[in-house]
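Read the structure below first, then the notes.
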Amino acid sequence: MRGREGDLERLARETQGRVERSVARAAGGLPVQLHVRCDAPSRAILDASEALAADLLVLGTVSRRGVPGLLIGNTAEKLLDR
């Protein structure tokens, strides 16, 4: 891959490697699987959970009030009925 798309792929691989090492250290020897997707958060989470045939999906949330909450949306709300 060349150009910007190649740069994004390289950055994604490098970032995934750093995150995997960090999560592995924090997990203290427990098995960890990291799945990296480049998409809108709700779409990426839904695709990953379906691909993994997940029985349970747990999401954290950041409370937003007022206009920012209306404009940004809420990933958990988008996935709640799934």
**Request:** Name all residues meeting the salt bridge (Lys or Arg N to Asp or Glu O under 4.0 Å) criterion together with Arg37; count only those two or more places apart in sequence or in a different chain, and write none if there are none.
**Result:**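 Arg37: no salt bridge (Lys or Arg N to Asp or Glu O under 4.0 Å) contacts found.
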**Prompt:** How would you list, by chain and number, every residue that makes a salt bridge (Lys or Arg N to Asp or Glu O under 4.0 Å) with Glu14, sequence neighbours excluded?
**Reply:**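 Salt bridge (Lys or Arg N to Asp or Glu O under 4.0 Å) list for Glu14, sorted by chain: Arg10.
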**Request:** Taking all non-hydrogen atoms of both residues into account, name the closest pair between Val32 and Ala27 and its distance.
**Result:**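 Scanning both residues completely, I find the closest heavy atoms to be CG2-CB, 3.5 Å.
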**side-chain hydrogen bond (donor to acceptor under 3.5 Å, both in side chains) partners of residues 20-30, not counting sequence neighbours, each pair once** =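 Matches after skipping sequence neighbours: Gln16-Glu20.
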**Request:** Can you run down the salt bridge (Lys or Arg N to Asp or Glu O under 4.0 Å) pairs that involve residues 41-54, sequence neighbours left out, and say none if there aren't any?
**Result:**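 Residue pairs passing salt bridge (Lys or Arg N to Asp or Glu O under 4.0 Å), neighbours aside: Arg43-Asp47.
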**Message:** Can you list everything that forms a side-chain hydrogen bond (donor to acceptor under 3.5 Å, both in side chains) with Thr15? Sequence neighbours excluded, please.
**Reply:**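 Once residues adjacent in sequence are excluded, the partners of Thr15 under the side-chain hydrogen bond (donor to acceptor under 3.5 Å, both in side chains) criterion are Arg18.
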**Message:** Could you work out, with side-chain contact (heavy atoms from CB on, under 4.5 Å) as the rule, every residue matching Leu57, not counting sequence neighbours?
**Reply:**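 side-chain contact (heavy atoms from CB on, under 4.5 Å) check on Leu57 returns Ile45, Leu59, Leu79.
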**Message:** Going by side-chain contact (heavy atoms from CB on, under 4.5 Å), name the residues that satisfy it together with Ala26, two or more places apart in sequence or in a different chain.
**Reply:**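 For Ala26 there are no side-chain contact (heavy atoms from CB on, under 4.5 Å) partners, ignoring immediate neighbours.
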